[in-house]
Amino acid sequence: MLNYDIVVIGGGPAGLAAAIEAKKNGVKDILVIERDRELGGILQQCIHNGFGLHVFNEELTGPEYAEKFIDELKNQGIEYMLDTMVLDITEDRKISAINTENGLMNIHAKALILSMGCRERTRGAINIPGTRPAGVFSAGTAQRFINMEGYMVGKKVVILGSGDIGLIMARRMTLEGAKVEAVAELMPFSGGLTRNIVQCLDDYNIPLLLSHTIIEIKGKERVEGVVIAKVDENRKPIPGTEKHIECDTLLLSVGLIPENELSLKAGVNIDPRTNGPIVNESMETKVKGIFACGNVVHVHDLVDFVTKESKKAGKSASKYVLGELVEKEEIIKTNADEGIGYIVPQRIRMSNVDEKLELFMRVKDVYKNVKLVIKADGEVIKEFKRKHLAPGEMEIISLNSSLLEGKQVSNISVSVKGA
Amino acid sequence: MNKEVVCIVCPMGCHIKVKKDENLYLGYTVEGNKCKRGKEYGIKELTNPTRIITTTVKIKNSHLRRLPVKTNEPVAKDKIFECMKVINKVSIKAPIKVGDVVLENILDTGVDIVASRSM
């Protein structure tokens, strides 16, 4: 049995930031386990820029952002294993992992940090009817093929879903000589950042078809076309609006799902709204000593916020190992009220909160000129004005801990209210 | 010369109308922006829109076949495809460090193509 103070599962931006922060807070024996052949995670295929505006105050590409953390990890002398797959974890933090060099390894950790990220939803997840030809890719898969492996995936492309990866790939395919016929989006608004709609679609005159979906994929060996249709307010295709678009490739950017197979094995409970572990103020799951951060907890749109959250997880895990985390205390639950989709963390123990309590959340709809109302046991404690809120843009609010000091609060709720 | 642009300075996404007006000091009127930065952005988009290009070049002797690269300064928007043609002809050999110049002064713009990662 190998023994470590902290084991981090996943060497993407979340795992890297958590490991570095844990080391800086005085924990020595840390191991990062990564299943890919290199560290950095999905950032390595996100070659576009726009990363790091919050953390470094400059616009970096994904690989540049990753390299800063990889260098720091190495400078800190933190151990890592590549090409290594974690097969199982248990409630008492025993890990089974395998690679071709060491075979099967049993590892025990005093604290465990889950940072496995997320996976793309596939054609199967959204049940598009039609034949099953080659040429249907998830947007991230196409991104990896083009940006890392050097394979161009198609010439005439339709993209379903206007999440950020779909938008980024529309531009990327165009730059490499493909013709992107359209981006179809089921919802009446895009799930992507405004800057991406402007810089990836408008710049290249790529039409964004809101309230549209694909109702059939055509082609035998290779995709030959798709049938798109307008949808009504219940997202059902409207008969008579069908249109055939000729294409050889369909990219799907239809959502991401946190990757929690391992978490479930350790008995971690999942929030059905985020599809990630229910965590407390310290990013600790229901299982003592098991922490989680990044896209495995909830899907982020900016890596900068992943870094921020993961630092908190790393610091908390180090406190846990050093016996400094306050375990027993009244718990405050957070409650996503009117207009709010979810809040992370779901549980709060005030003794572990520094000056500021940060709540990460997503709204359910697009709102202009509204207030985010924070209530403690039904009483308004703070309001934040917001000019613009959208489901595609995660909202972070920061509350002074003093607002809750000395109060016996059992519930904090957030709601959207017209100004 | 008039143009409607969606401002990307902040998440508000204001729809800005920019119109030429030679009587004004700035030479343009800007409508629909809710802040000063939007005005600057609107005029820049009309007069000289620029973008950073991020793409890849071929690389040999590495575990990957493509090296991510970017322009170290923004280039004029209407030069993007011309630049892509030039960049796609580049083939380099590992090792390379992040920030290393892969191609100097592309199309005489004074802008260099640099590596986005070490490989």
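Order of the sequence lines fixes the chain letters, A, B, ..., with proteins taken first and strands second; residue numbering starts at 1 for each chain. Remember, predicted model here, so these are calculated numbers, not experimental data.
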- Message: Any heavy-atom pair between the side chains of A:Q199 and B:I8 that's under 4.5 Å?
- Response: yes
- Any salt bridge between A:E38 and B:R117, counting N to O under 4.0 Å? yes
- Enclosure of A:F384 CZ (heavy-atom neighbours >12, cutoff 6.0 Å): yes
- Taking a cut-off of under 4.5 angstrom between non-hydrogen atoms, the residues of residues 175-191 of chain A near chain B are A:L175, A:E176
- Cut-off 4.5 Å, heavy atoms of chain B, and the answer for A:N196 is neither
- Note on the structure: Here the pair of heavy atoms bringing A:T194 nearest to B:C7 is CG2-O, 4.4 Å
- Query: By a 4.5 Å heavy-atom criterion (distance strictly below it), what part of A:L193 contacts chain B: side chain, backbone, both, or neither?
  - Reply: neither
- Message: So, taking the atom named CE in B:M84 and the one named OG1 in A:T174, what distance separates them when rounded to the nearest 0.5 Å?
- Response: 10.0 Å
- Verdict with supporting geometry, B:V6 and A:I197, side-chain contact (heavy atoms from CB on, under 4.5 Å): CA-CA 9 Å; B:V6 180; A:I197 295 172; over 6 Å; no
- Sub-4.5 Å side-chain heavy-atom contact between B:V98 and A:E64: yes
- Task: Decide yes or no on side-chain contact (heavy atoms from CB on, under 4.5 Å) for A:D203 and B:K77, but give the supporting numbers first.
- Result: CA-CA 8 Å; A:D203 269 9; B:K77 210 172 120 183; 3.2 Å; yes
- Item | Heavy-atom neighbours of A:K368 NZ exceed 12 at 6.0 Å | yes
- Region of A:Q44 that comes under 4.5 Å of a non-hydrogen atom in chain B: side chain
- Within a radius of less than 6.0 Å around NZ of B:K44, do more than 12 heavy atoms belonging to other residues, nucleotides or ligands occur? yes
- Proximal component of A:R37, with respect to chain B [non-hydrogen, under 4.5 Å]: side chain
- Task: Evaluate whether atom CZ of A:F145 has more than 12 neighbouring non-hydrogen atoms of other residues, nucleotides or ligands under 6.0 angstrom away.
- Result: no
- When only heavy atoms count and the cut-off is under 4.5 Å, which of residues 54-67 of chain B reach chain A? B:T54, B:T55, B:T56, B:H63, B:L64, B:R65, B:R66
- Region of A:Y65 that comes under 4.5 Å of a non-hydrogen atom in chain B: neither
- Message: For the SG atom of B:C14 and the NZ atom of A:K387, what is their distance to the nearest 0.5 Å?
- Response: 7.5 Å
- Query: Can you tell me if A:E67 uses its side chain to pair, donor with acceptor, with the backbone of B:S118 under 3.5 Å?
  - Reply: yes
